[in-house]
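What follows is one structure encoded as C-alpha cells, with my remarks underneath.
Because the structure is a prediction, the values reported are computed rather than measured.
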Amino acid sequence: MQLIFVRHAEPDYSVDGLTPKGRREAELLARRAAAWTALDPVCFCSPAGRAQATAAPSLAAMGRTAETLDWMTEFTIRGHRRPDGSGHDTSVLWDQLPDFWTADPRNEEPDGWTDAAYPGDHADEVKPHWDWIKGGIDGVLARFGYVREKAFYRIAPDAARDATLVFFCHLGLACAAIAHVIHAAPPVLWHGFFLAPSSVTVLNSEERQGDIAGFRVQVFGDTSHLRAAGEPPSPMGGFQRRVLPL
C-alpha cells in the first residue's frame, strides 16, 4: 500500500482559499498528479476551502473525485499565548516555540504527548481531537484491509495491497496522521520537519512479516514539481529566515 499526503498550496487564510501563487502551485501539482492515474488512486480531501481548491486541478488531471472527510480538517486546537511578538494572540499546537515544546519529554511519546502541560490548559480538547484523527486514518486504512493492532497494522487476507491513497490536507493534520501511522509523536514531526505548501509526502507499507505491516516514509515534503517549473517553494508555515534554491 502507498499513502500520499499533499499539503494545500499557498493559502489565503482570509478567504480560506489560495493566493495567486497558490493557484499556480496547484496547477503545477496537477501536472505531477496526472502520472498518479496509472496507480488507480483513491482520493480523500479536507473540507477546508484551501484544500479543496488545491485538490481540484489534480483530481481533474487524474479523472478522479475525492471523498471529503471531516477529521482531515486542520489540527486547530489553540494552545497558548505567544511570547515572541509575532502578533498572534494564541498558537495552535503545531506552532510552538523551540524552548517550549522541548521542555517536556512527554512531547516525544507517541501517545504521552497529549499529557504535556500546554499553557492554556487545553488538555481536555487535545486528546479527543487526537483520538479523532487516529480513528479517522485508521478507519480509512481498515477499509482497504489494514487494521491497526498495537503499533502496527494487521493485513487482512483480502487486503488491497497495491492500493494508493491520496490525502489532500494540511501541515498540522498531515504530520499528525503520518506520526500515528509510523508510531511517532506528532510534536517531533511538527517541529522537526516542514511540509511546504503543495508538497508531496509518500509512505509505503513494509510487509516482510506476511500479514503484519508497518509504514515507512519514502519522500517527505517534496516540491520538485515546483522547482522543475521555476516556481520557488512557499515558506508559509516554515518560519525559516530564507528558502534556499536547492
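Counting only heavy atoms from C-beta outward, the side chains of R148 and L141 never approach each other to under 4.5 Å. The side-chain heavy atoms of R143 and V42, taken from C-beta on, include no pair separated by under 4.5 Å. Side-chain atoms of F44 and V140, non-hydrogen and from C-beta on, do get closer than 4.5 Å to each other. Residues H180 and I137 form a side-chain contact, since some pair of their non-hydrogen atoms from C-beta on lies under 4.5 Å apart. Within the 4.5 Å cutoff, side-chain heavy atoms of V200 are placed close to those of I4. Between Y146 and M1 the shortest side-chain heavy-atom distance falls below 4.5 Å. For the pair R7 and S198, the minimum side-chain heavy-atom distance is 4.5 Å or more. Inter-residue side-chain proximity for D70 and P47 is flagged as met; some heavy-atom pair is nearer than 4.5 Å.
Applying the ring pair (Phe, Tyr, Trp, His ring centres under 6.0 Å) test to H225 and every residue at least two apart in sequence or in another chain returns nothing. Judged as a ring pair (Phe, Tyr, Trp, His ring centres under 6.0 Å), and not counting sequence neighbours, the contacts of F5 are F167. Remark: R24 pairs with E231 by the salt bridge (Lys or Arg N to Asp or Glu O under 4.0 Å) rule, at least two apart or across chains. Residues satisfying the salt bridge (Lys or Arg N to Asp or Glu O under 4.0 Å) test with E207, not counting sequence neighbours, are R161. Listed by chain and number, the residues in a salt bridge (Lys or Arg N to Asp or Glu O under 4.0 Å) with R31 amount to none (sequence neighbours excluded). Partners of F152 by ring pair (Phe, Tyr, Trp, His ring centres under 6.0 Å), not counting sequence neighbours: none found. Take D111 and apply the side chain to side chain contact (heavy atoms under 4.5 Å, CB included) test, not counting sequence neighbours, and it matches W130, K134. For E25, the salt bridge (Lys or Arg N to Asp or Glu O under 4.0 Å) partners are K21, not counting sequence neighbours.
When the side chains of ILVMFWY residues are joined at heavy-atom separations under 4.5 Å, either directly or via intervening members, L203 and W36 end up in two distinct hydrophobic clusters. The hydrophobic clustering, which links ILVMFWY residues whose side-chain heavy atoms are closer than 4.5 Å, places V202 and F144 apart. Connection of V6 to L28 is not established within any shared hydrophobic cluster, with ILVMFWY side chains joined at heavy-atom distances below 4.5 Å, either directly or through further cluster members.
The main-chain N or O of L18 is found under 3.5 Å from a side-chain atom of R23 such that the two form a donor-acceptor pair. Although no hydrogens or angles enter the test, the distance criterion places a donor-acceptor pair under 3.5 Å between the side chain of T54 and the main chain of A9. The closest donor-acceptor contact from the side chain of R106 to the backbone of G112 lies at 3.5 Å or more, if one exists at all. With hydrogens and angles disregarded, no donor-acceptor distance shorter than 3.5 Å links the side chain of T223 to the backbone of L226. Judged purely by atom type and a 3.5 angstrom limit, W190 uses its side chain to pair as donor or acceptor with the backbone of G172. For the pair T201 (side chain) and G221 (backbone), a donor-acceptor distance under 3.5 Å is present.
Sequence neighbours left out, the pairs with a member in residues 183-206 that pass salt bridge (charged side-chain N to carboxylate O under 4.0 Å, His left out) are E206-R208. Sorted by first then second residue, the ring-ring contact (aromatic ring centres under 6.0 Å, His included) pairs that include residues 200-222, not counting sequence neighbours, are Y153-F215, F193-F220. Note on residues 213-225: pairs passing salt bridge (charged side-chain N to carboxylate O under 4.0 Å, His left out), not counting sequence neighbours, are R32-D222. Listed by first and then second residue, the salt bridge (charged side-chain N to carboxylate O under 4.0 Å, His left out) pairs that reach into residues 46-65 are D16-R50, D40-R64, sequence neighbours excluded.
Side-chain contact of E108 with T102: a donor-acceptor pair under 3.5 Å is absent, judged by distance alone. Side-chain atoms of H191 and D95 include no donor-acceptor pair closer than 3.5 Å. With 3.5 Å as the limit, one finds a donor-acceptor pair spanning the side chains of S46 and H170.
Closest non-hydrogen pair, A185 versus E109, comes out as CB-O, 3.4 Å. The two residues P186 and W113 make their nearest non-hydrogen contact at CD-NE1, 3.3 Å. Across all non-hydrogen atoms, the minimal contact from L171 to G237 is CD1-O, 4.1 Å. The heavy-atom pair separating T37 from A61 by the smallest distance is OG1-O, 3.9 Å.
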Could you go step by step and tell me if R154 and I212 meet the side-chain contact (heavy atoms from CB on, under 4.5 Å) rule? CA-CA 5 Å; R154 183 74 64 180; I212 294 176; 3.4 Å; yes

Working note: L3 + T164, criterion side-chain contact (heavy atoms from CB on, under 4.5 Å); need CA distance, chi angles, decisive distance, verdict. CA-CA 6 Å; L3 311 179; T164 295; over 6 Å; no

Apply the test side-chain contact (heavy atoms from CB on, under 4.5 Å) to residues T65 and C43: give CA-CA distance (whole Å), side-chain angles for both, the deciding distance (0.1 Å), then the verdict. CA-CA 7 Å; T65 59; C43 302; over 6 Å; no

Decide yes or no on side-chain contact (heavy atoms from CB on, under 4.5 Å) for L39 and Q2, but give the supporting numbers first. CA-CA 10 Å; L39 302 173; Q2 186 173 66; 3.6 Å; yes

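F75 has its ring centre less than 6.0 Å from the ring centre of H129. A centroid separation of 6.0 Å or more is found between the aromatic rings of W94 and W101.
One distance of note links CD of E74 with CG of L173; it measures 6.0 Å at 0.5 Å rounding.
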